[in-house]
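The structure appears right after this line, and notes come after that.
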Amino acid sequence: QVQLVESGGGSVQAGGSLRLSCAASGYTYTGGSMAWFRQTPGREREGVAVFYVGGAGTYYADSVKGRFTISQDNAKKTLYLQMNALRPEDTAMYYCAADPFWYGSSWFNPSNFQYWGQGTQVTVSS
């Protein structure tokens, strides 16, 4: 049974940093994709960054390029999102997502991911 558990969210002031973690248990796949999404009330879930497992690269939403970094520790089966220079508009619930087989250009589409975590809240104050 695959389980994704996020941690690391919290409240920070604008300009601050947070590192989110996503621990994957029961997930032994070596391909596919893992990603971070975020969502605020009343809005659709938004793709933040994707990590193509197997070395095919990483991609970011334009709104976070240069500020956020996605990475993976394969030995620990953990996905990270380092968030620097945080802005109030980054406030959202952040979700980890994974799919062991899907790989493609439309990484920002939540329907492409089979497994989801429960989310961790990030709040950035001005």
Inset, instruction - Please test S106 against N112 for side-chain contact (heavy atoms from CB on, under 4.5 Å), starting from the C-alpha separation and ending with a verdict. - result: CA-CA 8 Å; S106 56; N112 290 321; 3.3 Å; yes
Inset, instruction - For side-chain contact (heavy atoms from CB on, under 4.5 Å), just list the numbers for V50 and M34, CA-CA rounded to whole Å, side-chain angles, deciding distance to a tenth of an Å, and then say yes or no. - result: CA-CA 6 Å; V50 66; M34 298 188 75; over 6 Å; no
Inset, instruction - Tell me, with the steps shown, if L86 and L18 meet side-chain contact (heavy atoms from CB on, under 4.5 Å). - result: CA-CA 8 Å; L86 282 161; L18 285 172; 4.2 Å; yes
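Listed by chain and number, the residues in a side-chain hydrogen bond (donor to acceptor under 3.5 Å, both in side chains) with S105 amount to none (sequence neighbours excluded). Listed by chain and residue number, R67 satisfy the side chain to side chain contact (heavy atoms under 4.5 Å, CB included) test with A85 (two or more places apart in sequence, or in another chain). Partners of F37 under the ring pair (Phe, Tyr, Trp, His ring centres under 6.0 Å) rule, at least two apart in sequence or in another chain, are F113, W116. Partners of Q3 by side-chain hydrogen bond (donor to acceptor under 3.5 Å, both in side chains), not counting sequence neighbours: none found. The ring pair (Phe, Tyr, Trp, His ring centres under 6.0 Å) search around Y52 returns Y59, Y103, not counting sequence neighbours. For the side chain to side chain contact (heavy atoms under 4.5 Å, CB included) test, residues two or more places apart in sequence or in another chain that qualify with T58 are F51, Y60, I70. Judged as a side-chain hydrogen bond (donor to acceptor under 3.5 Å, both in side chains), and not counting sequence neighbours, the contacts of S111 are N109. Residues that satisfy the side chain to side chain contact (heavy atoms under 4.5 Å, CB included) test with T40, not counting sequence neighbours, are R43, A92.
The salt bridge (Lys or Arg N to Asp or Glu O under 4.0 Å) analysis of residues 50-63, with sequence neighbours excluded, yields the pairs D62-K65. Every pair passing ring pair (Phe, Tyr, Trp, His ring centres under 6.0 Å) that includes a residue from residues 1-27 is listed here, sequence neighbours excluded: Y27-Y29.
Atom CD of Q13 sits about 9.0 Å away from atom OG of S126, to the nearest 0.5 Å. Between atom CD of residue Q121 and atom OG of residue S11 there is a gap of 7.5 Å, rounded to the nearest 0.5 Å.
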What pairs of donor and acceptor atoms, side-chain ones from residues 93-100 against any protein atom, are under 3.5 angstrom apart with sequence neighbours left out?
| from | atom 1 | to | atom 2 | distance (Å) |
| --- | --- | --- | --- | --- |
| Y94 | OH | R38 | NH1 | 2.9 |
| Y94 | OH | D90 | O | 2.6 |
| D99 | OD1 | F101 | N | 2.9 |
| D99 | OD1 | W102 | N | 2.8 |
| D99 | OD2 | Q114 | N | 3.2 |

Could you pull out all donor-acceptor pairs under 3.5 Å where a side-chain atom in residues 76-83 meets a protein atom, sequence neighbours excluded?
| from | atom 1 | to | atom 2 | distance (Å) |
| --- | --- | --- | --- | --- |
| T78 | OG1 | K76 | O | 3.0 |
| Q82 | NE2 | N84 | OD1 | 2.9 |

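Heavy atoms only, all atoms of each residue included: C22 and L4 are closest at SG-CB, 3.9 Å. Taking all atoms of both residues into account, the shortest heavy-atom contact from V64 to V48 is CG2-O, 3.6 Å.
Looking at heavy atoms from C-beta onward, V12 lies out of side-chain contact with T123 at the 4.5 angstrom threshold. Side-chain contact between L20 and T120 is present, with at least one heavy-atom pair separated by less than 4.5 Å.
E46 contributes no side-chain N or O that, together with a main-chain N or O of Q39, makes up a donor-acceptor pair within less than 3.5 Å.
Hydrophobic clustering (side-chain heavy atoms under 4.5 Å, transitive across Ile, Leu, Val, Met, Phe, Trp, Tyr) keeps W107 apart from W36.
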